[in-house]
Amino acid sequence: MKILVATQKPFAAAAVNGIKAIGEKAGHTVSFLEKYEGTAELVAAVADADALIVRSDKVTAEVVAAAKNLKIVVRAGAGFDNLDLEALSAAKVVAMNTPGQNSNAVAELALGLMVFMNRNQFTPGTGLELKGKTIGIQAYGNVGRLVGKLAMGFGMNVLAFDPYLKDEQIEATGAKVAASLEDLYSKSDFISLHIPATAETKGSIGYNLVSKMPKKGCLINTARKEVINEEELIKVLEERDDLRYVTDIAPDRNAEFAEKFGKRFFSTPKKMGAETAEANVNAGLAAANQICDFFATGNTRFQLNKF
Ligand code: 3PG
């Protein structure tokens, strides 16, 4: 079988070598399309691929239509809003992700961003410590739980909200359960977002929630740009000159945020949550193994679509 690894943001060399070795050991050929410019290059490259590994690369209906031999696509990572599941299901292509494999990298970045913001973006001046502060974790999945664990290491109080979990599941980790989203925001010095971008969550973080945060509150986004209502967030940051926003995914209105809010705002130059050698290896090799296993035994663990 032909496995294509299409990554606009390439994997670290160790992951590239590992994916190649796993695929070839199982008798497949593995090719790489890295740092490509636009969909046209991907459309051309997938024409003869039986399997596809991507990161945040967009697997659109156009890509699926061009991939006549495609049987499986694995998103090496957690969020799969870049996959057109409807088109993949219609074409009977199995779609998977690799949940948990890059979570630690994202969680570490979230804590790093918190320290960075509490120390005036590493410029001179008096900062604040994390110890004794409360972090509210919105969505307590693989990343959210790790953020909670790391925050506890800093001596923070951890509060979580996740409508898909039972209170006991959250409490078993040492975190406290917020009664509602409003409760989470009103009690938390930091809010760390770990929700996926879905029809339900897109644009859901805005004025009503953020304005409830206590003085000097800081919103941390290592999830997705789309979950933020940028207009409303700008409004609340204008009204409350103590609030802060730090994000690993540049807002559409990045220049406006930067100009209006100075050191109260920071956006990483390029999404780097999962950009560690370890996370690349974990997610990339898991993707290669899932594909080889699928071809060898029909294993569909982690399948995201139904058809
Ligand atoms: C994910 O959903 O796994 C993360 O956002 C990482 O995305 P990336 O592979 O594009 O860095």
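All ligand and atom numbering here is 1-based and tracks the order in the structure. In this chain, numbering begins with 1 at the start of the sequence shown. Values below: every heavy atom of this structure, side chains too, minus hydrogens, waters and symmetry copies.
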Can you tell me which residues line ligand 1 if we count any heavy atom under 4.0 angstrom from one of its atoms, in chain and number order? Lys9, Arg55, Ser56, Arg75, Gly77, Ala78, Gly79, Asn102, Arg224, Lys271, Ala274
Show me, pair by pair, the donor-acceptor contacts under 3.5 angstrom made by side chains of residues 25-32, not counting sequence neighbours?
unit_1, atom_1, unit_2, atom_2, d
His28, ND1, Met1, N, 3.4

Any Lys/Arg nitrogen of Lys176 or Glu171 sitting under 4.0 Å from an Asp/Glu carboxylate oxygen of the other? no
Give a yes or no on this: more than 12 heavy atoms of other residues, nucleotides or ligands lie within 6.0 Å of atom CD of Glu86. no
Measure the spacing between CZ of Arg224 and OG1 of Thr201 and express it to the nearest 0.5 Å. 10.0 Å
Rounded distance (nearest 0.5 Å) linking atom CG of Leu128 with atom CE of Met117: 11.5 Å
Would the distance check show the side chain of Asp50 and the main-chain N or O of Lys71 forming a donor-acceptor pair, the cut-off being under 3.5 Å? no
